[in-house]
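The structure under discussion appears below in the form of structure tokens.
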Amino acid sequence: MAETVLITGASGLLGRALVREFSGGDFLVLAQYHHHQGAKSGNVRWLAGDFSSAEGTAAFLKRHAARLAGCSHVIHNYGPIVEKPTADVTGSDLVAAFQVQVQPALDITRFLLARAPLRSALFIAFEDTGRMRPFRKILAFAMAKNALLLLSRSLAAVHPGIRFNVFSPPTLAGADIRHPQVKPVAPEIVAARVRRIVQGRGTGRHYRRAGTGRKMNSGGCHG
Ligand SMILES: NC(=O)c1ccc[n+]([C@@H]2O[C@H](COP(=O)([O-])OP(=O)(O)OC[C@H]3O[C@@H](n4cnc5c(N)ncnc54)[C@H](OP(=O)(O)O)[C@@H]3O)[C@@H](O)[C@H]2O)c1
């Protein structure tokens, strides 16, 4: 029987590639969107959701509880990037970034841990541990994405039967915000990599120390 995967931010740039990758790979895909529902197809169900507040996330979980109860995998892909020069970043910016990046990911994961036959959770986040480089324009975003790494490692420690992974995509071809010196990568290539990780076929490159290029494996996290 096909396994069910929930993909958040499924109507975005990487999300659309993930939907194609998983729906073509014998999964039933629950694809969360906000304003732009994607094309209907046999094994894709589009679920409307607004994650701009904890109440919005709770309403999403309540409205789609029956479908979500079948989820074996979740990919926390939702997480828009907001740029702001570091000198201008305020405490409110940090709170807002944690609201966007962390709150939906944690509340959805907790719901699925309690109600669904969850086998894996993958966070699109920052993989870096240890000494990190300073950020000039995306500090709040980077702090919140890095918090997902700590969250993932900590959940892995208390849920040893479930695979938690963190994956940090390269700059995507077609993205609005791009690093000038980095060659963008097609979302399809990234989506295929994510599927290998979700299916336990990717070789773990999950927790890295910034600057060393060294790979770390951590308890409860496997590729
Ligand atoms: N783009 C890059 O180069 C890049 C690089 C590294 C990491 N990443 C990470 O990869 C992931 C995907 O990035 P992306 O560029 O593909 O994203 P994106 O194109 O900006 O997609 C945004 C998604 O979030 C949904 N969304 C927006 N506001 C929402 C809300 N209030 N509630 C619920 N959903 C909402 C959108 O839904 P609607 O369109 O339906 O409104 C859409 O599905 C993110 O976590 C990002 O941080 C991206």
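Each ligand, and each atom within it, is numbered from 1 in the order the structure gives. We number each residue from 1, following the sequence as shown.
The number of heavy atoms from other shown groups lying within 6.0 Å of CZ (Arg110) does not exceed 12. For Asp176, the CG atom counts as loosely surrounded, since its 6.0 Å shell holds 12 or fewer non-hydrogen atoms of other residues, nucleotides or ligands. For NZ of Lys84, the number of neighbouring non-hydrogen atoms (other residues, nucleotides, ligands) closer than 6.0 Å is greater than 12.
Under the 4.5 Å side-chain heavy-atom criterion for grouping Ile, Leu, Val, Met, Phe, Trp and Tyr, Ile189 is connected to Val19 within one hydrophobic cluster.
In this structure, the side chain of Arg163 engages the main chain of Ile197 through a donor-acceptor pair within 3.5 Å. In this structure, the side chain of Ser72 does not engage the main chain of Leu118 through any donor-acceptor pair within 3.5 Å. In this structure a side-chain-to-backbone donor-acceptor pair under 3.5 Å is missing from Ser168 to Phe126. Under a 3.5 Å cut-off, the side chain of Asn43 and the backbone N or O of Ser23 do form a donor-acceptor pair. Formation of a donor-acceptor pair under 3.5 Å by the Asn146 side chain with backbone atoms of Asp128 is found in this model. A donor-acceptor contact shorter than 3.5 Å is absent between the side chain of Asp93 and the backbone of Ala140.
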_Intermediate values then yes/no, side-chain hydrogen bond (donor to acceptor under 3.5 Å, both in side chains), Thr109 and His76_ = CA-CA 9 Å; Thr109 304; His76 295 290; 2.7 Å; yes
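Nearest approach of Glu21 to Ala191, heavy atoms of both residues: CG-O, 3.5 Å.
Contact annotation: for Pro170 versus ligand 1, heavy atoms closer than 4.0 Å belong to the backbone alone. The proximity of Gln37 to ligand 1, defined as any non-hydrogen pair under 4.0 Å, does not occur for either the backbone or the side chain. When heavy-atom distances to ligand 1 are checked against a 4.0 Å cut-off, Pro184 has no atom that comes that close, whether in backbone or side chain.
Scanning the protein heavy atoms around atom 32 (N) of ligand 1, the nearest turns out to be Phe51 N, 2.8 Å. Nearest protein neighbour of atom 31 (N) of ligand 1, counting heavy atoms only, is Asp50 OD1, 3.1 Å. In terms of protein heavy-atom proximity, atom 22 (C) of ligand 1 is closest to Gly12 CA, 4.3 Å. Closest protein heavy atom to atom 3 (O) of ligand 1: Leu172 N, 2.9 Å. The single protein non-hydrogen atom nearest to atom 34 (N) of ligand 1 is Gln32 NE2, 3.1 Å, given as residue, atom name and distance. For atom 41 (O) of ligand 1, the nearest protein heavy atom (residue, atom name, distance) is His35 N, 2.9 Å. Protein heavy atom nearest atom 23 (C) of ligand 1, with residue, atom name and distance: Gly9 CA, 3.8 Å. With respect to atom 12 (C) of ligand 1, the closest heavy atom belonging to the protein is Asn77 OD1, 3.2 Å.
Judged by distance alone, the side chains of Gln103 and Thr57 do bring a donor and an acceptor atom under 3.5 Å apart. Thr4 and His73 form no side-chain donor-acceptor contact under 3.5 Å, judged by distance and modelled atom types alone.
For atom 20 (O) of ligand 1, no protein non-hydrogen atom is found at a distance below 4.0 Å.
Looking only at side-chain heavy atoms (C-beta outward), Val198 and Phe22 come within less than 4.5 Å of each other.
Using a 30° and 60° split on the angle between ring planes, Phe123 and Phe164 fall in the parallel class, below 30°.
For the pair Lys145 and ligand 1, a heavy-atom separation below 4.0 Å is found. For Gln101, the closest heavy-atom approach to ligand 1 does not fall below 4.0 Å. Judged by the shortest distance from any of its heavy atoms, Gly174 lies outside the 4.0 Å radius around the atoms of ligand 1.
Checked by distance only, ligand 1 and Ile81 stay at 3.5 Å or farther apart across all their nitrogen or oxygen atoms. Any N or O atom pair closer than 3.5 Å counts here, and Leu13 shares at least one such pair with ligand 1. The distance criterion of under 3.5 Å between nitrogen or oxygen atoms is met by Leu14 with respect to ligand 1. Residue His36 places at least one N or O, backbone or side chain, under 3.5 Å from an N or O of ligand 1.
For ligand 1, the atoms closer than 4.0 angstrom to any heavy atom of Ala10 are 43 (O). For ligand 1, the atoms sitting less than 4.0 Å from at least one non-hydrogen atom of Pro169 are 6 (C), 7 (C), numbered in the order shown with element in parentheses. Residue-ligand proximity, Thr171 to ligand 1, at heavy-atom distances under 4.0 Å covers atoms 3 (O). Remark: ligand 1 atoms within the under-4.0 Å shell around heavy atoms of Gly79 are 44 (C), 45 (O), 46 (C), 47 (O). Close approach to Ser11 involves these atoms of ligand 1, each under 4.0 Å from a residue heavy atom: 36 (C), 37 (O), 38 (P), 39 (O), 40 (O), 42 (C), 43 (O). When each atom of ligand 1 is checked for a heavy atom of Gly49 under 4.0 Å away, the hits are 32 (N), 33 (C). Every atom of ligand 1 is numbered from 1 in the order shown, and the set under 4.0 Å from a heavy atom of Ala175 is 1 (N), 2 (C), 3 (O). The ligand atoms of ligand 1 that sit less than 4.0 angstrom from a heavy atom of Ile124 are 9 (C), 10 (O), 11 (C), 45 (O).
Note that the CZ atom of Arg45 and the CG atom of Leu30 stand 8.0 Å from one another [nearest 0.5 Å].
Nearest to atom 27 (C) of ligand 1 by heavy-atom distance, out of Trp46, Phe60, Tyr78, is Tyr78. For atom 30 (C) of ligand 1, the candidate residues are His76, His34, Gln99; the nearest heavy-atom contact is made by His34.
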